[in-house]
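Heads up, the thing below is written out as structure tokens.
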Amino acid sequence: MAKTFTATIQWERNGATFADNRYSRVHEWTFDGGVVVPASASPSSVPPPFSSPNAVDPEEALVAATSSCHMLWFLWLAAQEGLIVESYKDHAHGILGSDETGTIRFTRIALRPQIQFQGTQPTPQQLQELHHAAHKACYIANTLQCPVIVEDAGELGA
């Protein structure tokens, strides 16, 4: 059951010189529902004014996609267990570094969810099992080569 997902990425030089690398990295992401997101290279990689700290960069987007996918599976699984999640807030962090070959890549993504339940509270064991099941179901995490952990739930690798 293959599914296709699309995004349109649009960048224009707008008259800037190009060969000297003094061109803007600001661009737009347009998604199938019509949402347009300002995007840019990370200011930690390309200093402003050639990047925008007010735009989403690909590194942030990867961390957000990983967190969002995990959360959506967690919510579904919690509902299947009869738990009522009142709120879920994650302060996810991705670490960009070098692997043993010197290739720059994400070396770890840490999810730090703060979850409030209404009524019946899960046991620490149930919570850990929900996170492990959400990780196993999350196709974004399944695509990544770096470890994805939920702090206080331990390593979530295969």
Side-chain angles (χ1 to χ4, degrees), residues 1-78 85-116 127 130-158:
M1 140 180 117
K3 295 181 181 179
T4 301
F5 297 89
T6 62
T8 301
I9 311 305
Q10 176 76 31
W11 172 88
E12 294 185 22
R13 184 170 59 90
N14 291 326
T17 56
F18 191 78
D20 65 357
N21 284 321
R22 297 182 60 76
Y23 58 90
S24 175
R25 274 49 165 211
V26 176
H27 54 285
E28 289 182 340
W29 297 345
T30 304
F31 296 95
D32 60 3
V35 172
V36 178
V37 176
S40 173
S42 171
S44 67
S45 300
V46 178
F50 303 111
S51 68
S52 173
N54 298 321
V56 176
D57 59 62
E59 297 87 348
E60 292 170 325
L62 180 66
V63 173
T66 304
S67 174
S68 183
C69 186
H70 182 91
M71 178 199 69
L72 292 168
W73 279 108
F74 182 94
L75 295 174
W76 185 82
L77 290 162
V85 177
E86 193 66 32
S87 66
Y88 185 113
K89 183 177 185 177
D90 188 1
H91 298 284
H93 292 257
I95 308 297
L96 191 64
S98 297
D99 66 15
E100 59 280 351
T101 68
T103 302
I104 298 173
R105 53 178 257 142
F106 275 91
T107 58
R108 171 183 158 136
I109 295 177
L111 307 180
R112 299 171 177 168
Q114 298 170 332
I115 307 164
Q116 300 294 317
L127 199 54
L130 285 167
H131 282 300
H132 280 276
H135 176 73
K136 186 174 181 178
C138 175
Y139 38 82
I140 302 293
N142 292 336
T143 303
L144 299 173
Q145 293 181 13
C146 70
V148 175
I149 64 148
V150 174
E151 292 188 348
D152 296 327
E155 196 80 22
L156 295 175

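Along the sequence shown, residues are numbered consecutively beginning with 1.
The aromatic rings of Y23 and F18 lie parallel to each other, their planes meeting at an angle below 30°, with 60° marking the opposite boundary. The aromatic rings of W73 and W76 lie perpendicular to each other, with more than 60° between the two planes, well past the 30° mark.
Of all the heavy atoms in L62 and T66, the pair that sits closest is O-OG1, 2.8 Å. Between I109 and C146, the closest heavy-atom pair is CG1-SG, 4.0 Å. Shown here for P43 and P53, the closest heavy-atom pair between the two residues is CG-CA, 3.6 Å.
Expressed to the nearest 0.5 Å, how far CG of L77 lies from NE2 of H132 amounts to 13.0 Å. To the nearest 0.5 Å, atoms CG (L96) and OG (S44) are separated by 7.5 Å. Here H70 contributes atom NE2 and L75 contributes atom CG; the two are 9.5 Å apart, rounded to the nearest 0.5 Å. For the atom pair CH2 of W11 and CD of E28, the computed distance is 13.5 Å after rounding to the nearest 0.5 Å. Taken to the nearest 0.5 Å, the OG atom of S67 stands 10.5 Å off from the NE2 atom of H93. Rounded to the nearest 0.5 angstrom, M1 CE and K3 NZ are separated by 4.5 Å.
Here the side chains of F106 and L144 are not in contact, with every heavy-atom distance at 4.5 Å or above.
For E12 and Q10, the side-chain atoms include at least one donor-acceptor pair closer than 3.5 Å.
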Problem set entry | Derivation and outcome, side-chain contact (heavy atoms from CB on, under 4.5 Å), residues Q116 and K89 | CA-CA 9 Å; Q116 300 294 317; K89 183 177 185 177; over 6 Å; no

